[in-house]
Amino acid sequence: MPRGNHTVTEFILLGFTTDPVMQLVLFVAFLIMYVLTVAGNTTLMVLICNDARLHTPMYFFIGNLSFLDLWLSCVYIPKILAICISDDKSISFAGCLAQFFFSAGLDYTECYLLAAMAYDRYVAISKPLLYSQAMSIKLCAFLAAASYLGGFNNSAVLTKKTFSFDFCKDNVIDDFFCDLLPLVKLACGRTEGYQALMYFLLSSNVITPIALILASYLFIIATILRIRSTQGRLKAFSTCSSHLVSVTLYYGSILYIYSRPQTSYSLDTDKIVSTFYTVVFPMLNPLIYSLRNKDVKEALNKLFK
């Protein structure tokens, strides 16, 4: 990875607070969330792999989402725990680059995967009799592979551009991880072209999937309105309610941070919102897709028995 003529060999992550008591409280809170995230997503992946009733396109995508969330939590939380209880807040240049690359790649991949899941729900509701044929194993594998490929290719472009800057202003990042906006604030030289790239990637990795999701749900709503019975409508809507909750929470937090004008940036507020989609959301996803899901509950009971 080429880098500019900077003198920075490491960055300092300030985290959330310098108060020792609050740092201990945050350490316990993040540790609990990390354990729940690992346990929840691992359990969901095991259930999907082991139970034949869950070998459907919908659960294939949910399993991939759990894998992404598990990986994403491992990118962020161990370092957060370290800076909460250690006096050493530093992260090496290479470590910061790796964290940035994988976090961006996983976030972009999840954006594409949520769009693929919306299409899956559209096919399931609008063409239930042809669902198995329309959402074949090959198509599901292609959509998942394309999500990973698109996400990490765009992440490579963004990471290369970001870490080619000269970081000559300072090496202190007022955040708990190597995020885009705090790094740009440390960069020297012209960043206009970089901002154009950032907005292009935002539109291609966030706005485009959102447009596809909205289009899918417009067709889903049109199909549901054609169903005569109220019970049939509720059943059709319940099949995509979990995905709707997931999309709203995930895209809402990302758009709040990266689509605002620079004059309205607030680091403290951004830290809280970033915590939601980097730490809280991966913990909630297994609950969102399992609490109201009869098949998952039955598979869980079968596993314990």
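Note that the numbering runs from 1 along the sequence shown for the chain. Side chains included, hydrogens not; waters and symmetry mates left out as well; all remaining heavy atoms used.
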List the atom of [X], the atom of [Y], and the distance in Å for their closest heavy-atom pair.
X      : Y      : answer
Met33  : Thr37  : O-OG1, 2.6 Å
Pro209 : Tyr251 : CB-OH, 3.2 Å
Tyr112 : Ser204 : OH-O, 3.3 Å
Pro78  : Tyr34  : CG-OH, 3.9 Å
Leu31  : Leu81  : N-CD2, 3.6 Å
Val245 : Ile288 : CG1-CD1, 4.1 Å

Any side-chain heavy atom of [X] sitting closer than 4.5 Å to one from [Y]?
X      : Y      : result
Val279 : Ile80  : yes
Glu10  : Ile91  : no
Leu180 : Leu158 : yes
Phe276 : Leu249 : yes
Phe100 : Thr159 : yes
Ile220 : Ser126 : no
Asp69  : Glu110 : yes
Cys96  : Phe163 : yes

Determine yes or no for a side-chain-to-main-chain donor-acceptor pair under 3.5 angstrom, with [X] supplying the side chain and [Y] the backbone.
X      : Y      : value
Ser164 : Lys161 : yes
Lys89  : Ile83  : yes
Ser155 : Gly105 : yes
Thr248 : Leu244 : yes
Asn285 : Asn41  : no
Ser66  : Met45  : no
Asp179 : Asp175 : no
Asn154 : Gly150 : yes
Ser216 : Leu212 : yes

All side-chain contact (heavy atoms from CB on, under 4.5 Å) counterparts of Ala134, not counting sequence neighbours: Val123
Derivation of the side chain to side chain contact (heavy atoms under 4.5 Å, CB included) call for Phe11 and Ser92: CA-CA 6 Å; Phe11 295 97; Ser92 67; over 6 Å; no
Trace of the side chain to side chain contact (heavy atoms under 4.5 Å, CB included) decision for Val247 with Met117: CA-CA 10 Å; Val247 166; Met117 293 172 72; over 6 Å; no
Straight-line distance of Ile224 CD1 to Phe219 CZ, nearest 0.5 Å: 14.0 Å
Nearest-0.5 Å distance that lies between atom CD1 in Ile207 and atom CG in Leu201: 12.0 Å
Enclosure of Ile85 CD1 (heavy-atom neighbours >12, cutoff 6.0 Å): yes
Selection residues 70-87 - residue pairs positive for side chain to side chain donor-acceptor pair (under 3.5 Å), sequence neighbours left out: none
Inter- and intrachain pairs under side chain to side chain donor-acceptor pair (under 3.5 Å), touching residues 130-140, at least two apart: Asp120-Tyr131, Arg121-Tyr131
Parallel, tilted or perpendicular: rings of Tyr250 and Phe281 (30°, 60°): tilted
Parallel, tilted or perpendicular: rings of Tyr148 and Phe152 (30°, 60°): parallel
Test log, rule side chain to side chain contact (heavy atoms under 4.5 Å, CB included), inputs Phe177 and Leu13: CA-CA 7 Å; Phe177 70 106; Leu13 299 172; 5.5 Å; no
From CA spacing to verdict: side chain to side chain contact (heavy atoms under 4.5 Å, CB included), Ile173, Leu14: CA-CA 6 Å; Ile173 298 176; Leu14 294 184; over 6 Å; no
Single-linkage hydrophobic cluster, 4.5 Å side-chain cutoff, [X] and [Y] together:
X      : Y      : value
Phe16  : Val28  : yes
Val157 : Phe102 : yes
Phe142 : Met135 : yes

Validation row, ring centre Tyr217 to ring centre His243 under 6.0 Å: yes
